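Have a look at the structure below before the remarks.
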Amino acid sequence: MRFGIVVFPGSNCELDCHWVVQNVLGQQADLIWHKENTLKDYDCLILPGGFAHGDYLRTGAIARFSPIMAAIEDHARRGGLVLGICNGFQVLCEAGLLPGALLRNTSLNFICRPVHVRVDSTATPFSAACTQGQVLCVPINHNEGRYYCDAETLAHLRDNDQVIFRYVSPEGKASDAANPNGSLDNIAGVCNEQRNVLGLMPHPERAAEELLGSTNGLLLFESILSYGRAASLTRG
Amino acid sequence: MIRAKVYVTLKGGVLDPQGETVKGALEMLGFGGVTDVRIGKFMVITLNGVSREEATSRVDQMCKKLLANPVIEDYRFEVEEG
Amino acid sequence: MIRAKVYVTLKGGVLDPQGETVKGALEMLGFGGVTDVRIGKFMVITLNGVSREEATSRVDQMCKKLLANPVIEDYRFEVEEG
Amino acid sequence: MPEPPVTQEIIAAHQLTHEEYKRASAILGREPTLTELGIFSVMWSEHCSYKSSKVHLQTLPTSGPRVLQGPGENAGVVDLGDGLAAVFKVESHNHPSYIEPYQGAATGVGGIIRDIFTMGARPIALLNSLRFGPLTEARNRYVMSGVVGGISGYGNAVGVPTVGGEVGFAECYSHNPLVNVLCVGIAPIDKLFFARAGGIGNPVIYVGAKTGRDGIHGATMASETFDEKSEERRPTVQVGDPFREKLLIEACLELMRTDALVGIQDMGAAGLTCSSCEMASRGGTGVEIDIRLVPRREEGMTPYEVMLSESQERMLLVARQGAEATVREIFAGYDLDAVVVGRVTGDGVMRVRDGERVVAEIPVKGLVADAPVYQRPAVRPAWQDEVQHLDVDTIPLPRDYGEVLLQLLASPAIACKAMVWERYDHMLFLNTVVGPGADAVVLRLKGTDKGIALATDGNGRYTFLDPFTGGMIAVAEAARNVVASGAEPLAITNCLNFGDPTRPEIMWQFAEAVRGMAAACGALQTPVTGGNVSLYNETMGKAIFPTPIVGMLGVLDHISHTTTPAWKEAGDMVVLLGETREELGGSEYLKVCHGLVQGRPPAMDLDLERRVQRCCLEAIRGGVVRSAHDCSDGGLAVALAEGCISDPENQIGIDVSLPETLRPDALFFGESQSRMILSLREAGLTRLQAIADHHGVVVTPLGRTGGSRLICRGRTVNIDIDLAELDRVWRGSLPASFGQE
Ligand SMILES: Nc1ncnc2c1ncn2[C@@H]1O[C@H](COP(=O)(O)OP(=O)(O)O)[C@@H](O)[C@H]1O
Ligand SMILES: [Mg+2]
């Protein structure tokens with residue numbers, strides 16, 4: 001599969017995503033500078049973590065106007081996969097490709113540590129390799145990860161099975177204690193209605209090698225790969 | 001020269017942990033009677049070479065497009081000449 | 001009930017990376033004529049059971065002690081009744 | 001606009017002594033202009049010139065087979081093999097962090113990162129060594145929150161993970177917190193860059209953020225003690241912009257992949273002045289700058305202000321003639337300024353013009369090489385004997401050893417610092433094999449089988465009680481930490497935090513500590529590759545504990561050698577390497593339980609230290625060791641407790657019996673040096689014994705891992721505590737100090 005990793009000024013997880021895609025998964029990946037206007041024929045775009053434009057004003061607020069964004073929207077509209085991790089999730093929300101917004105953690109502190117998330121829907125190209133209700137241990141690394149949307153949007157998200165990951169205890173229970181940042185309904189990741197755009201706050205690329213402590217994050221990448229294999233089969 | 005003062009505040013229903021924390025800190029410091037604290041942004045934008053009307057409509061556009069996020073925030077602004 | 005509106009801004013010479021970045025973004029979006037952007041905080045503090053005078057002096061103390069960082073910030077506030 | 005005349009008051013305000021002013025005039029052959037005075041003042045400040053410390057620093061061993069660059073450049077460079085070099089250095093930002101904790105610490109992070117990438121290395125990790133006053137005081141909590149917030153805010157956003165460090169507490173740091181930040185970067189050995197202005201006629205190019213009136217006189221401020229008036233100087237505080245710095249890193253590294261660059265240096269303390277004349281000095285050239293060309297963000301700045309501004313996120317570079325466009329293009333890609341502001345000249349003069357008008361003209365050699373150097377008087381203070389005196393017989397034995405252990409685990413110096421490091425991105429770049437919370441951090445080196453280990457260490461209390469021993473222990477303990485993680489110590493960087501050097505007792509502390517460090521570096525074969533000196537850490541005549549901080553770099557031949565402090569499995573043997581003596585002086589136990597900062601710190605036998613470290617490393621490499629932990633603050637009992645609880649995912653108890661051959665409090669809580677606690681499978685014991693015999697190191701079996709309690713049995717001592725209780729106390733203490741949970 002061909003991955004494109006979008007680099008905004010201030011992004012910093014692009015090399016990590018690149019490493020995992022290339023060295024762990026053995027797939028091809030390009031880095032794409034945000035000033036580009038067009039995209040090659042990628043199967044999956046990754047908007048990586050970091051601090052696009054310093055996170056100034058609001059996270060993702062300025063990045064959504066980058067020249068590359070129009071091409072990303074186009075890619076998504078045509079059904080291409082888009083994965084926003086952390087800052088990438090924030091950018092996708094600001095750009096309106098995903099519903100809601102990400103606000104400052106209720107603790108008012110930056111948090112970097114592994115958390116547990118539950119896979120609440122396997123019906124996406126990003127989570128199909130997981131089992132329903134599976135608990136994954138994946139690190140978070142953010143200051144603004146509190147997911148918020150209005151009541152109507154939340155109802156819609158639930159009805160449409162768009163909440164893909166929720167923060168839970170190691171045993172899989174969603175509770176306030178297991179919610180690291182005060183997210184609405186313990187939401188850690190959501191997808192769009194077409195289910196081809198996913199944003200999540202945890203960093204799956206940080207849980208992709210045994211040497212670094214966990215391989216739970218690999219399930220996301222493996223889901224994408226099997227989706228890609230299936231797609232290329234149907235394409236013939 | 002025109003100065004626009006823009007106020008961006010969190011919408012009513014959105015939790016403001018920073019405000020809550022400041023409220024708690026004020027109580028701890030012995031300041032009584034504080035029932036609520038909300039914290040937003042205050043921006044001063046200086047424009048040159050535009051009329052007051054022009055500035056007003058431009059700043060409104062800036063707020064809509066960039067300065068505030070309608071999912072979570074409200075905005076309000078004033079324009080001053082001089 | 002008294003509402004105090006507090007404006008906390010960076011002191012004159014102090015670098016405002018956020019303001020600079022927003023200025024650059026506004027230019028990128030095609031908003032001409034912007035010569036300066038400075039970003040500060042806007043706080044609304046609600047007080048109960050105090051007189052206007054009392055509130056004024058209390059809020060001033062709050063600013064001095066907690067709300068503004070005198071090393072890099074200035075503050076200003078208004079008090080409204082009702 | 002003509003500059004105001006230089007008066008006596010102005011000279012005094014620049015903190016030049018009468019002799020120094022005369023020396024400057026002699027170098028010029030006339031009286032200096034105001035701009036020149038400013039330049040002399042910052043270049044001859046303690047911070048930039050090392051005038052009080054130089055004679056002592058020269059005694060440190062600085063070379064070795066692995067050292068590619070010792071002190072004298074922006075950072076030290078060590079050969080890691082496989083064509084890779086580690087570039088590392090530590091820097092202090094103590095004074096700015098007291099005035100404005102958040103921004104002070106943030107700009108400290110920004111500064112040290114620039115020192116690393118200016119040498120061509122990609123910064124891959126930060127560590128920080130912090131000292132605060134007791135957290136019982138609100139002001140100290142405010143300072144600590146601000147400092148941690150600043151490191152978090154800047155480090156995370158600039159995209160360099162903060163993987164480790166240490167935090168210590170003592171009354172003396174209440175008005176003088178220490179904020180020392182270490183950065184390490186990796187570069188290909190054949191792609192290093194140096195801060196040299198070479199090639200007459202080459203353009204001098206200013207890149208990065210615009211210049212404002214920030215921190216003018218920051219360098220001289222860092223060379224002053226504090227008094228009540230310091231508050232008035234507050235507007236000099238600089239604000240950091242991690243976003244701009246991130247762009248600057250990427251732009252500089254991109255430029256370094258071309259052949260456009262001749263030399264490059266960050267603008268740190270004393271900004272444009274220091275960077276330009278140091279580059280000229282190293283290049284044996286001169287440099288001419290027109291300050292009109294310098295990008296500014298404020299109006300009406302004078303030449304003096306432009307030259308002395310300490311605005312952050314700026315670099316000065318010298319490019320090949322004709323490569324200007326390449327430089328401009330690369331920086332424009334990141335929306336950063338890149339402006340030719342001058343040329344390299346052949347006359348050895350630093351010439352500053354304001355358009356046509358020359359405002360400063362100073363021989364570079366006079367300014368840099370001929371800067372004053374002082375052999376300041378150093379006298380052992382009269383009170384030294386008094387603080388070293390300790391009559392252990394007057395110290396009552398504890399009634400409940402378990403209670404003492406809990407007290408020590410709750411002591412902020414020993415308690416778990418997760419609350420701090422969870423605010424730092426410590427995982428970025430996917431190298432962090434062992435992150436914060438162990439003896440040392442271990443980072444893998446992608447593309448090789450190797451890893452590097454880093455630890456920072458320094459014990460102000462020991463150094464206060466005996467500066468020579470304290471200096472030795474700082475090095476030895478840092479090395480031991482690195483060994484415990486499975487790495488071989490290679491070299492150090494250091495930050496020397498001391499009081500006012502014009503006071504003979506402070507100078508004595510300094511000289512002694514450096515002598516101790518030199519001895520330890522020699523014995524352990526870990527040369528000094530660079531560092532920083534922070535003097536005048538006093539407030540109202542009271543100095544901090546003399547606090548040398550050592551940053552030790554080690555290499556793991558194979559990342560599979562990585563070792564951590566926590567037990568791995570129930571049923572393993574736990575042994576002590578090294579010996580416990582009756583040493584209570586300077587211990588955390590005396591401080592916490594008896595309120596005493598008294599006695600001699602534990603003795604340091606460098607030969608024994610080396611043998612213990614070699615033994616441990618050989619055992620690790622031989623695959624015998626399952627966990628290794630340095631036995632230090634809080635002694636044996638604390639080290640055992642940490643072995644049980646430090647891995648939250650896998651807590652395992654222990655049951656040990658100890659023959660009480662010494663005072664039991666010394667046995668359990670004394671801090672004898674050169675000790676390590678290892679766990680291993682029983683089958684490995686003979687092998688370990690053989691290795692230890694070979695190195696002449698004593699191995700004492702202590703007991704076995706297993707269960708969910710920490711049990712220590714002795715004749716009079718009986719500790720038996722549930723791990724959950726140990727964990728609650730150890731993890732909860734720091735958050736509780738901040739009123740959390
Ligand atoms: N304690 C020390 N031990 C060894 N070298 C030191 C020490 N302090 C400073 N140095 C060296 O002196 C030189 C000047 O340091 P400094 O002025 O701090 O550099 P910079 O301006 O790049 O921060 C550097 O090469 C540094 O490594
Ligand atoms: Mg430097």
Side-chain angles (χ1 to χ4, degrees), chain A residues 7-20 22-24 31 33-35 48-57 59 62-63 86-87 105 107-115 137-144 170 177 180 202-203 205-214 217, chain D residues 122 124 145 148-149 151-163 240-247 249-251 332-336 418-437 442-444 446-447 451 559-560 562 647-649 735 738 740-741:
Chain A
V7 186
F8 298 100
S11 295
N12 61 31
C13 298
E14 70 274 16
L15 296 177
D16 295 1
C17 291
H18 192 266
W19 169 266
V20 169
Q22 201 149 295
N23 294 64
V24 180
L31 297 176
W33 184 234
H34 77 120
K35 287 185 185 172
F51 293 73
H53 298 273
D55 272 359
Y56 294 142
L57 191 62
T59 57
I62 300 175
C86 194
N87 195 223
N105 300 343
S107 67
L108 303 180
N109 284 335
F110 191 98
I111 308 171
C112 176
R113 64 175 165 87
V115 298
C137 183
V138 183
I140 55 167
N141 184 66
H142 60 246
N143 200 32
E144 280 100 357
H203 285 256
E205 84 280 10
R206 293 186 178 195
E209 287 172 273
E210 208 51 75
L211 181 65
L212 305 180
S214 167
Chain D
R122 172 169 289 279
I124 62 159
S145 303
V148 170
I151 293 172
S152 161
Y154 200 105
N156 299 347
V158 77
V160 181
T162 301
V163 296
D241 182 352
F243 172 53
R244 225 64 54 173
E245 176 121 327
K246 166 69 175 169
L247 299 178
I249 297 175
E250 299 304 332
Y334 295 92
D335 299 316
L336 292 173
M419 181 191 167
V420 173
W421 46 257
E422 281 182 355
R423 298 186 62 183
Y424 303 151
D425 179 354
H426 51 270
M427 302 176 183
L428 184 66
F429 298 146
L430 307 183
N431 297 326
T432 314
V433 176
V434 179
V442 177
L443 306 175
R444 71 162 156 191
K446 291 203 194 90
I559 197 71
S560 63
T562 304
D647 179 358
E649 305 292 307
F738 284 86
Q740 297 168 14
E741 264 130 84

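What you are looking at is a predicted structure, and each value in this text was computed from that prediction instead of being measured. What you see below is based on every heavy atom in this structure, not just the backbone, and it leaves out hydrogens, waters and symmetry mates.
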- prompt: Which atoms of D/Asn431 come close to chain A, meaning under 4.5 Å heavy atom to heavy atom: side chain ones, backbone ones, both, or neither?
  reply: backbone
task: Could you tell me which portion of D/Phe429 (side chain, backbone, both or neither) has an atom closer than 4.5 angstrom to a non-hydrogen atom of chain A?
output: both
- prompt: So what's closer than 4.5 Å to chain D heavy atoms on A/Ser107: side chain, backbone, both or neither?
  reply: neither
message: I'd like to know if the side chain of D/Asn156 and the backbone of D/Asp425 have a donor-acceptor N/O pair within less than 3.5 Å.
response: yes
field: Residue pairs passing the salt bridge (Lys or Arg N to Asp or Glu O under 4.0 Å) test where at least one lies in residues 11-20 of chain A, sequence neighbours excluded
entry: none
query: Hey, are A/His203 and A/Glu205 close enough side-chain-wise for a donor-acceptor pair under 3.5 Å?
result: yes
- line: Honestly, the part of D/Leu428 sitting under 4.5 Å from a heavy atom of chain A is both
Contacting region of A/Asp55 [heavy-atom separation from chain D under 4.5 Å]: neither
- request: Specify the closest pair of heavy atoms between A/Asn12 and A/Gly50, including all atoms of both residues, with the distance to one decimal.
  value: OD1-CA, 3.4 Å
query: Is the A/His53 to A/Phe8 ring centre distance short of 6.0 Å?
result: no
- prompt: Which one of A/His142, A/Arg113, A/Arg206, A/Lys35 has the most heavy-atom pairs closer than 4.5 Å to chain D?
  reply: A/Arg206
message: Tell me every residue that passes side-chain hydrogen bond (donor to acceptor under 3.5 Å, both in side chains) with D/Glu422, counting only those two or more places apart in sequence or in another chain.
response: none
query: Hey, which of D/Gly149, D/Gly435, D/Ser560, D/Gly333 has the most heavy atom pairs under 4.5 Å with chain A?
result: D/Gly333
- prompt: Considering only heavy atoms, which portion of D/Thr432 lies under 4.5 Å from any heavy atom of chain A: side chain, backbone, both, or neither?
  reply: backbone
